[in-house]
Each structure stands twice: as C-alpha cells, then as structure tokens.
Number of protein chains: 2
Amino acid sequence: MSGGVEWGLHCCVALSGMTEPVPAAKLAEFHDVSPTYLAKQLQALSRAGLVHSTQGQAGGYALTRDAAEISVLAVVEAIDGPQSAFRCTEVRQRGPLAAPPESCTLPCGIATVMGRADRAWRDALAGVSIADLAADVGRNVGAGTLPAVRAWLSS
Amino acid sequence: MSGGVEWGLHCCVALSGMTEPVPAAKLAEFHDVSPTYLAKQLQALSRAGLVHSTQGQAGGYALTRDAAEISVLAVVEAIDGPQSAFRCTEVRQRGPLAAPPESCTLPCGIATVMGRADRAWRDALAGVSIADLAADVGRNVGAGTLPAVRAWLSS
DNA sequence: GCTGACGTACTCGGATAACGTTTGTCCGAGTCCGATAGG
DNA sequence: CCTATCGGACTCGGACAAACGTTATCCGAGTACGTCAGC
C-alpha cells in the first residue's frame, strides 16, 4: 500500500474541526514531511471530492463535509486507488488443459476467496470515520492536543 | 500484493491429491508461466515448509501435509511475506508539535484501524484451505477436471 | 470619501526525474536413477 | 545371478539483471487580497 495514505489520513484528522482552509505547505511543515509530495496526496483527495481547495492568498484545503461523514476507506481509496490488492490473471484459461472461456463465467475459487478477504478489509475500514480517529487522539494523548494543533495551523 | 501469489496458490491446488513429486518445469508448462520465476515462488513455499522438495531424476515438489491442513493465508504469507500492507511511520512523533515518545506506548488510532482491517483480511484467508479450493474446482468446471490434471502432471 | 482597476504574492495543479521493489533470468551445487563391471 | 560402483542427467537453490510502480521534485496556471488612482 502506498505510504502516502498515512499522511492523507493524518491530514484529514488535522483538518477536522478546522473552519478556515489550511495550505499544503503548512500541513507538510506540521507533519515534517516533503511538501511537494504531500501536495500530490492532497490533490488526490481533492479529485475524489473529500477536500475542497481554494486558491489565492488565504487559500488552502478544507474538508468538504463533516469528519463523521468521511470514512477511512474513502481516504484510502482516494489515494491508493479503488482496485483490490489481488488481481486475477485467469491462469485457468492458459496452458495445455486450459478451460474454455465460456465455462469461466463466474470467478474461480481463488479470486472468490481473495475478493471476500478484500471485502472484509474494506468493511473494517468503512466502519471508522475521521471523527472517530480525532476522538481517539483526544482520548489517548490528551484532550488539549487537538485545540493546540488547531491553533498552530491557524497561525 | 505480489502477483506470484496466484501462481503459488494454483500450484498448491494442482499438487493436492498428487502422490509423486512434480517438477517445477512441469508446473510451469501446465500453467503457461515463466519456469524460472515460478521456481522462485516454489522455493519460497519450500522455505516456509509448505512443500517438500526432492532432488534427482524423479524429484520435484510435493505438499508436506494434507491440503485440508494448508490455509490460503499460509501460502500468501509464504510468498508475500508476513508483514502487513500498512506500515506506521509514527508521524505523530515528528514536526513542531511532536508527541514525546514516552506518550506513544500504544499504537495511534490510524495504526489500530489498519491493524484491525489487516486482521479481518487474514482471518478471511485463514478460513479457507487448499482442499476447499480444489473442491470448488470440481464443483464449478466439472468433477473430471482434477483427475485429468493429475494424469497430465504424472505423464 | 467611495469605487474601480491593477499589481503582486500566494495558492493549487499537472508534467517531469530518481529510487526501490517486484518481476524475470541465469548458472552452479546436489542428488537420484540406470548402466556396467566384477564376484 | 546378485551386488557394488560409476557415470550421467535431471532436480533444486541462490546469486544476478531489467521493468514497473512508488517516491520525490519542479515549474506553470489561476485566484484572492491589498494598493492606488480616479471620480
């Protein structure tokens, strides 16, 4: 999985509860990561419609909807792509004893199992929202953390 | 995920119910894939202890235990490695408002969610065995398929 | 004093290189089977 | 006829390149704000 997913997730958490847009450069400085590369991830989020970008002097990125309405899965799919990790190459249709294509209307057992596993993975990710993650931060490292982050990003 | 996983899975299914060892070259010809690269995957399976390799003229690969005792997860981890797709880089410990390491004893919310999803994925894969896959082949493309494959691999 | 246009500085967005992992290949070490020669 | 030895060919195993995808970077297009001139 692309490592930028983690950055995108952290950015969404930081953006949650933010009223004014935050520039990509500031988010990069806050997380201490490459500004240009983080910009790429944010562009992907923008293309997926999760964040809204405004240009100009006071521009930046902001969530398009409430953090409770954005699932972790949405962020992952926006950055990493919606395709499954497993890609069936239809091995059964190759070789000397290849099965004829007309008998391969439904996916083979291997693809079925992989598809089920992938679905379970996505379900687990879909059940958690950015708001849940933000609440977890307040619970684990202190309730005053998020307001402090918010103040830093505003300055 | 590594594409060789699919090959390894198909090989394990083909090997199930086989009494004598099958050379890697024959498995490659049967599946119509690169012989040298498939050999690499089989070596990984051998290292993981899923298959046993015998050298010499009538040598080849054979399952070390019954197909019902080999889970899909075991094959996947043997080829792709046991590490999770997501790797936490501890972003929270970086930047101007970095959390002190002593307050990061337990994983952050993002890592927790990802870990849960990964576990769900692995559970789905652990619940299916190679024998299940073989039975599925007989059910879907015809009961006579596996004996035919077995005969071809023996010749 | 108010309104309009202008310039500037800041923002995002897509096109462009460098690195690492996966994919693919090769040759050497080891081993079993068959043939052969001797008892 | 049986047995021990030798030769050969086939097997796996790990070390060695090429290709793709991810990582990282740059520069250009566009926009909002602040300023200034005109009314």
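In what follows, chains are A, B, ... by sequence order, proteins preceding strands, each numbered from 1.
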Looking at Arg119(A) and Asp123(A), does any basic side-chain N land under 4.0 Å from a carboxylate oxygen?
no

Atom NZ of Lys40(A) to atom C1' of dT22(D): distance rounded to whole Å?
10 Å

Mind checking if Ala25(A) touches a base, just sugar-phosphate, or nothing, with heavy atoms under 4.0 Å?
nothing

Residue-phosphate contact under 4.0 Å: Ser46(A) side-chain N/O, dG13(C) OP1/OP2
yes

Report the nucleotide, chosen from dG14(D), dG13(D), dC12(D), that has the shortest atom-to-atom distance to any side-chain atom of Gln55(B).
dC12(D)

For dT23(D), does OP1 or OP2 lie under 4.0 Å from any side-chain N or O of Ser2(A)?
yes

Taking any heavy-atom pair under 4.0 Å as a contact, classify Ala39(B): base, sugar-phosphate, or nothing.
nothing

Checking Thr89(B) against Glu6(A): is there a side-chain donor and acceptor pair closer than 3.5 Å?
yes

Does Tyr37(B) have a side-chain nitrogen or oxygen under 4.0 Å from the phosphate oxygens OP1 or OP2 of dA19(D)?
no

Phosphate OP1/OP2 of dG14(C): any Arg47(A) side-chain N/O under 4.0 Å:
yes

Separation of Leu42(B) atom CG from dT11(D) atom C1', in whole Å?
12 Å

Nearest to the side chain of Ser34(B), heavy atoms from C-beta on, is which of dC12(D), dG24(C), dT25(D)?
dG24(C)

Below 4.0 angstrom from OP1 or OP2 of dT11(C), is there any side-chain N or O of Ser53(A)?
no

In terms of the nearest nucleotide of DNA chain C, which residue is placed more toward the 5' end: Gln43(A) or Gln41(B)?
Gln43(A)

